[in-house]
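A quick note: this is a predicted structure, and the numbers were derived from the prediction, not measured. In what follows, every chain begins at residue 1, and chains take the letters A, B, ... in the order their sequences are listed.
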There are 2 protein chains.
Amino acid sequence: MALSRARIAETALALVDRDGLEALSMRKLGADLGVEGMAIYRYFPNKAALLAGIVEILLAELVIPPPSDVPWQRVFRELSHAYRALLLRHPHAIPLLATLPLSDPATARAAGAVMAQLRAAGFDAPSALKTLATITSYVVGVAQWEVGTAPFRAERNGEPFPLPPDADPYLVELAPQLAEDDCEETFEFGLDVIVRGLETRS
Amino acid sequence: MALSRARIAETALALVDRDGLEALSMRKLGADLGVEGMAIYRYFPNKAALLAGIVEILLAELVIPPPSDVPWQRVFRELSHAYRALLLRHPHAIPLLATLPLSDPATARAAGAVMAQLRAAGFDAPSALKTLATITSYVVGVAQWEVGTAPFRAERNGEPFPLPPDADPYLVELAPQLAEDDCEETFEFGLDVIVRGLETRS
DNA sequence: ACCGTTAGTTTACACCGTAAACCCGTCAGG
DNA sequence: CCTGACGGGTTTACGGTGTAAACTAACGGT
C-alpha cells in the first residue's frame, strides 16, 4: 500500500498504542509500514512533526458540537467526559496531549471550539479562557494520575499489591485505598467540585 | 570534588533546569561533573534511577508541615501554592513530576504527608484520596498549560505574538487573550473554584 | 526516446544508554 | 615493606536513535 501522511500518522498511533511512546522510532515505524525508515521524511520533516501529526488525528477523534442552548453544565460535563475517554483510549499518548502547544493548529482548533461553547453559555472571554485552562488541566492531570496509580489496581485476584518489604509506611497505608479506588467515581467527584465551584463564581 | 549520589542528582537537576530534560544524557552529565559518563553507573544502576533521584530532591524541596488546627482551606491553598512554586522553579522537570508512580518512595512520602493533613482536617480516607488526586491533577495540569502557552506571553515589548499568516482563525482570536492572561490569577481562579466546590461537598 | 520529478533506499554521522574489560590509587594483612 | 584486594573511574564496544546526503528505480509528459 502506498505511503501517505494519514497512513503514516495512523500506523504511528497504532504503534504507540501497542508498544508505548518510547518504542516509536522512525525505523520501527518504517518496518510497520513495510518501508525503510527514511521514507517517512518525504512526508514529515522530522520526528516532532510526526508527533504533531499523531496529535492531530487524536484531536480529530474529539467531536465538539456547535454551541446550542443546552445548559452549560451539561456541555461542560460532556466535553470533559469525551476528552477523558479519548485520553483513556490512548493512555500511552497522554504525554503528547499533556503539553499541547496552542500554536499547533489542531490544538488551536479544538481550544477555539470549546471557547465558542463557553462563550455561548454566557462566559465572558477571560473567564472562558480560565475555565478552559482549569478543565483541561484537571482532565489531563487526572488521567495521568490514573495511569500512574494503575499498578495498584491491576487484576491480582484478591492478592494485595506486592509492596517491597522496605516500603514507606505511608505507602502501605495508601496502597489498599488506591486499590479499591473507583477512578470513574473519583473523576466525577472532582468534576462535580469544579462545576459547583463554577456555579458559585462571582 | 568526589562523586556521590547527592552531588550527581543535584548536578543532573541543574543541567535539566539549564538545558531541558532532553539534554540530560549520561555523557553530558559526566562532563558537568568533570568525569567520564560511565562513572555515574557506580551510583545509579541506570538512567531511570537517576531520574528518580532527581524527583527525590525535587520533592524534598516541598516541606509539608505536620497537621495542625488551621482551617483546611488555608492548608489546601498553601500546599497548592507551594507545589505550584516548585513546578515553576523547575519547568523543564514538570514531565518528571507529572507522571509520578506512587511506588516511588519519595512520592509516597509526600502523598502520605498530604493525606495526613487532609485527614486531620476532617476528610474521611476516600475523600481525602480523591481530593489529593484532584488537587495534584489541577496543579500539575495548570503548570503544563502555563509552559505550553508561555510563548504567547513572552516579552515582546508591545509586539503581538508573530502568528504564521495561515494561522487558524480560532488561534488569532485566542492569541491576544492568552497574551494578556495573568497566570497567577488564572491559577487562583481554578483554586477558588475547587475550594468552593469542596466546601459544598455532601 | 529523453528528461524531470517523485518515492523509496543506501550510506553515513553523531549521539544515545549501557555492558564488559581495564587501569590505577588506597588501604589491610602478613 | 611488600602484596593483594578492592573501589572509583576510564576505555572500548555494541546496538539503537534521529537525520543529512547521495543514490536508484519507476513514471508521466513532451
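- For B/Ala60, the side-chain contact (heavy atoms from CB on, under 4.5 Å) test picks out no residue, with sequence neighbours left out.
- Within residues 49-57 of chain A, no residue places a heavy atom under 4.0 Å from DNA chain D.
- Applying the salt bridge (charged side-chain N to carboxylate O under 4.0 Å, His left out) criterion to B/Asp182, with sequence neighbours excluded, gives no partner residue.
- Sorted by first and then second residue, the pairs that involve residues 16-27 of chain B and meet side chain to side chain donor-acceptor pair (under 3.5 Å), not counting sequence neighbours, are B/Asp17-B/His90, B/Arg18-B/Asp32.
- With a cutoff of under 4.0 Å to any heavy atom of chain B, the contacted region of DNA chain D is bounded 5' to 3' by D/dG8 to D/dA13.
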Are any protein N/O atoms closer than 3.5 Å to N/O atoms in nucleotides 9-15 of chain C? If there are, list each pair with its distance.
unit_1 : atom_1 : unit_2  : atom_2 : d
C/dT9  : OP2    : A/Glu36 : N      : 2.5

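- A search for salt bridge (charged side-chain N to carboxylate O under 4.0 Å, His left out) contacts involving B/Glu185 returns A/Lys130, not counting sequence neighbours.
- Listed for the B/Arg84 side chain is no donor-acceptor partner under 3.5 Å among the backbone atoms of B/Phe187.
- The list of salt bridge (charged side-chain N to carboxylate O under 4.0 Å, His left out) pairs with a residue in residues 89-104 of chain A, not counting sequence neighbours, reads A/Glu61-A/Arg89.
- Within 4.0 Å of B/Leu33, counting heavy atoms only, lies no atom of the nucleic acid at all.
- For B/Gln177, there are no side chain to side chain donor-acceptor pair (under 3.5 Å) partners at least two apart in sequence or on another chain.
- Listed by chain and residue number, B/Asp168 satisfy the salt bridge (charged side-chain N to carboxylate O under 4.0 Å, His left out) test with A/Arg109 (two or more places apart in sequence, or in another chain).
- With sequence neighbours excluded, no residue satisfies salt bridge (charged side-chain N to carboxylate O under 4.0 Å, His left out) with B/Glu56.
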Using a 3.5 Å cut-off and no angle test, enumerate the donor-acceptor pairs between side-chain atoms of residues 33-47 of chain A and protein atoms at least two apart in sequence or in another chain.
unit_1  : atom_1 : unit_2  : atom_2 : d
A/Asn46 : OD1    : A/Ala48 : N      : 3.3
A/Asn46 : OD1    : A/Ala49 : N      : 3.0
A/Lys47 : NZ     : A/Leu24 : O      : 2.8

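- Among the protein residues, B/Phe44 comes within range of no part of the nucleic acid, since none of its heavy atoms lies under 4.0 Å from any strand.
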